[in-house]
Amino acid sequence: TIILKEKFADTGGQKTEMFTGMIKREAGYNSECGDWEFFTMEASGSRIVERGRIRRCMDCHVEYKSRDFVTKNYVSGSAWDAPNK
């Protein structure tokens, strides 16, 4: 599974600031945070800036264990529509 999120620099969603994402890895890769690898990409989407067990990402996502560490509803009309956390 790969989750990719586009973050905008403006409220109108016209200027991409960066991308953030998560990749589900093999069991044991990151047991503290559901075996997810985190990454950030530059605004063009052509270069990964950082990746791995990024502490600042994990510190937030660890609160969402019951949702497999996914913080937002990305698919509507499904079990993911439960309240955050």
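Just so you know, residue 1 is the first one in the sequence shown, and it goes up from there.
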Please step through side chain to side chain contact (heavy atoms under 4.5 Å, CB included) for the pair Met18 and Glu42, ending with a clear verdict. CA-CA 5 Å; Met18 66 185 294; Glu42 61 185 22; over 6 Å; no

Identify whether the distance between the nearest side-chain nitrogen and carboxylate oxygen of Arg55 and Glu32 falls below 4.0 Å. yes

On a heavy-atom basis, which atom in Val62 and which in Cys33 lie closest, and how many Å separate them? N-SG, 4.1 Å

d(Asn30 CG, Cys57 SG) to nearest 0.5 Å is 10.5 Å

Would you check if Glu50 and Ile54 make a side-chain contact, meaning some heavy-atom pair closer than 4.5 Å? yes

Same cluster for Met58 and Tyr29 if Ile/Leu/Val/Met/Phe/Trp/Tyr side chains link at under 4.5 Å? no

Hey, could you give me the CE/NZ distance between Met41 and Lys5, rounded to the nearest 0.5 Å? 15.0 Å

What I'd like to find out is whether the side chain of Thr1 reaches to under 4.5 Å of the side chain of Ile23, using heavy atoms alone. no

Looking at Glu37 and Arg51, is there a salt bridge between them, counting it only when a charged N and a carboxylate O are closer than 4.0 Å? yes

Between Ile2 and Ile48, is there a shared hydrophobic cluster once you connect ILVMFWY residues whose side-chain heavy atoms come closer than 4.5 Å? yes

Arg67 CZ to His61 NE2 distance, which is reported to the nearest 0.5 Å: 11.0 Å

Say you draw a straight line from CZ of Phe39 to CZ of Phe19; how long is it, rounded to the nearest 0.5 Å? 10.0 Å

Could you tell me whether Lys7 and Glu17 make a salt bridge, using a distance below 4.0 angstrom between a side-chain N and a carboxylate O? no

For Asp10 and Lys15, which heavy atoms make the closest approach, and how far apart are they? OD1-N, 2.9 Å

Output for pair (Trp36 CH2, Phe69 CZ), nearest 0.5 Å, gives 10.5 Å

Distance (rounded to the nearest 0.5 Å) between Phe38 CZ and Thr20 OG1: 10.0 Å

Is the side chain of Asp35 donor-acceptor paired with the backbone N or O of Gly28 at a distance under 3.5 Å, no angle test? yes

Which heavy atom of Lys24 sits nearest a heavy atom of Asp68, and at what distance? NZ-OD1, 2.9 Å

